[in-house]
J.: 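Please read through the structure below; I'll follow up with questions.
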Amino acid sequence: QVQLVESGGGLVQVGGSLKLSCVSSGSDFRLNVMGWYRQAPGKQRELVAGITNGDIRNYADSVKGRFTISRDHTKNTMFLQMNRLKPEDTAVYYCTVEGTTTRGLRFSSWGQGTQVTVSS
């Protein structure tokens, strides 16, 4: 079973930056797509950014040019660099992965979430 642990959230002022990390632990698997979602109070969870095994990236329009997703394949770790933060970026950010076990079984996992609060 793959476990995900996010870190790096916190309180930041408008225009500031934060870098989120997501570490995957476990054994006998290969990670394919990794991504970040967020959920603000009273709103649905939305995709922020995703990255494939071939480092193809996609972003929500609302974060393009401000956020950068990356991954360290050797450490099964993913990052989200968030710059020029806005109050509307305030949300709980979740890490998610889709992968394949060595037996060929596909799986998906979610982290517990990390709070990002942008104060004006």
Side-chain angles (χ1 to χ4, degrees):
Q1 184 176 358
V2 176
Q3 295 183 329
L4 306 177
V5 178
E6 302 109 329
S7 62
L11 175 64
V12 65
Q13 291 186 332
V14 170
S17 298
L18 284 174
K19 186 174 184 177
L20 305 183
S21 299
C22 173
V23 180
S24 307
S25 62
S27 61
D28 302 325
F29 64 89
R30 183 185 74 174
L31 298 178
N32 299 326
V33 179
M34 303 183 74
W36 291 96
Y37 281 72
R38 68 186 180 187
Q39 188 166 20
K43 295 187 177 181
Q44 290 187 333
R45 190 173 296 190
E46 63 175 358
L47 175 67
V48 176
I51 184 168
T52 69
N53 214 14
D55 289 337
I56 297 173
R57 299 167 173 84
N58 67 291
Y59 298 95
D61 288 342
S62 59
V63 306
K64 283 181 180 176
R66 300 188 298 121
F67 290 10
T68 302
I69 189 171
S70 61
R71 60 191 286 183
D72 182 335
H73 296 268
T74 63
K75 299 180 179 179
N76 288 327
T77 301
M78 176 177 63
F79 306 97
L80 185 67
Q81 178 66 47
M82 305 185 293
N83 298 327
R84 291 184 282 141
L85 283 161
K86 304 175 181 180
E88 51 263 43
D89 295 318
T90 295
V92 177
Y93 284 71
Y94 297 91
C95 165
T96 183
V97 301
E98 294 179 6
T100 309
T101 69
T102 54
R103 292 187 175 185
L105 299 175
R106 301 181 67 177
F107 67 88
S108 62
S109 295
W110 289 84
Q112 81 287 352
T114 185
Q115 176 70 46
V116 171
T117 303
V118 184
S119 64
S120 56

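Just so you know, these numbers come straight off a predicted model, no measurement behind them. For the single chain, residues carry numbers from 1 onward in sequence order.
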J.: Tell me the salt bridge (Lys or Arg N to Asp or Glu O under 4.0 Å) pairs involving residues 36-56, sequence neighbours left out?
T.: R38-E46, R38-D89
J.: Rest of the hydrophobic cluster containing L11 (Ile/Leu/Val/Met/Phe/Trp/Tyr, side-chain heavy atoms under 4.5 Å)?
T.: none
J.: Can you name the closest pair of heavy atoms from Q115 and T90 and give their distance?
T.: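 Where Q115 meets T90 most closely, the heavy atoms are NE2-CG2, 4.0 Å.
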J.: What are the two closest heavy atoms between M78 and W36, and how far apart are they?
T.: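 It is CE-NE1, 3.3 Å.
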J.: So, taking the atom named OG in S25 and the one named CD in Q3, what distance separates them when rounded to the nearest 0.5 Å?
T.: 5.0 Å
J.: Sequence neighbours excluded and cut-off under 3.5 Å, please list the side-chain donor-acceptor pairs for residues 15-23, or say none.
T.:
from, atom 1, to, atom 2, distance (Å)
S17, OG, N83, OD1, 2.9

J.: What is the minimum heavy-atom distance between Y93 and A91, and which atoms define it?
T.: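 Y93 and A91 have their closest heavy atoms at CD1-O, 3.4 Å.
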J.: State whether the side chain of S62 and the backbone N or O of A60 hold a donor-acceptor pair below 3.5 Å, judged by distance alone.
T.: no
J.: Among Ile, Leu, Val, Met, Phe, Trp and Tyr joined by side-chain contacts under 4.5 Å, find the other residues sharing a cluster with L105 and list them by chain and number.
T.: none
J.: Which distance, rounded to the nearest 0.5 Å, do you find between the CG of N53 and the CD of E98?
T.: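 One gets 12.0 Å once the value is rounded to the nearest 0.5 Å.
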J.: In the hydrophobic clustering (ILVMFWY, side-chain contacts below 4.5 Å, transitive), which residues join Y37, or is it alone?
T.: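 Hydrophobic cluster check, Y37: joined to L47, V92, Y94, W110.
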J.: Which heavy-atom pair separates L4 from Q112 by the least distance, and what is that distance?
T.: O-OE1, 3.5 Å
J.: Kindly compute the distance separating CG (L31) from OG (S108), expressed to the nearest 0.5 Å.
T.: 11.5 Å
J.: If I compare all heavy atoms of I69 with all of M34, which pair ends up nearest, and what's the gap?
T.: CD1-O, 4.3 Å
J.: Determine whether N32 and T100 satisfy the following criterion, side chain to side chain donor-acceptor pair (under 3.5 Å), listing intermediate values before the conclusion.
T.: CA-CA 7 Å; N32 299 326; T100 309; 3.0 Å; yes
J.: Is a side-chain N or O of T52 found less than 3.5 angstrom from the main chain of V33, in a donor-acceptor match?
T.: no
J.: S120: which residues meet the side chain to side chain contact (heavy atoms under 4.5 Å, CB included) condition with it, sequence neighbours left out?
T.: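 Partners of S120 under the side chain to side chain contact (heavy atoms under 4.5 Å, CB included) test: V14, P87.
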J.: Check the pair L85, V12 against side chain to side chain contact (heavy atoms under 4.5 Å, CB included), reporting the backbone distance first and the verdict last.
T.: CA-CA 8 Å; L85 283 161; V12 65; 3.5 Å; yes
J.: Nearest 0.5 Å, please: how far is CD1 in I51 from CZ in R57?
T.: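 It comes to 4.0 Å.
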J.: For Q13, is the CD atom crowded, meaning more than 12 foreign heavy atoms sit under 6.0 Å from it?
T.: no
J.: Is it true that a side-chain atom of Q81 and a backbone atom of F67 form a donor plus acceptor pair closer than 3.5 Å?
T.: no
J.: Please report the shortest heavy-atom distance between Y59 and T68, naming the atom on each side.
T.: OH-CA, 3.4 Å
J.: Within a reach of under 6.0 Å around CD of Q39, are more than 12 heavy atoms found that belong to other residues, nucleotides or ligands?
T.: yes
J.: Apply side chain to side chain contact (heavy atoms under 4.5 Å, CB included) to residues V116 and M82 and explain how you reach the verdict.
T.: CA-CA 10 Å; V116 171; M82 305 185 293; 3.9 Å; yes
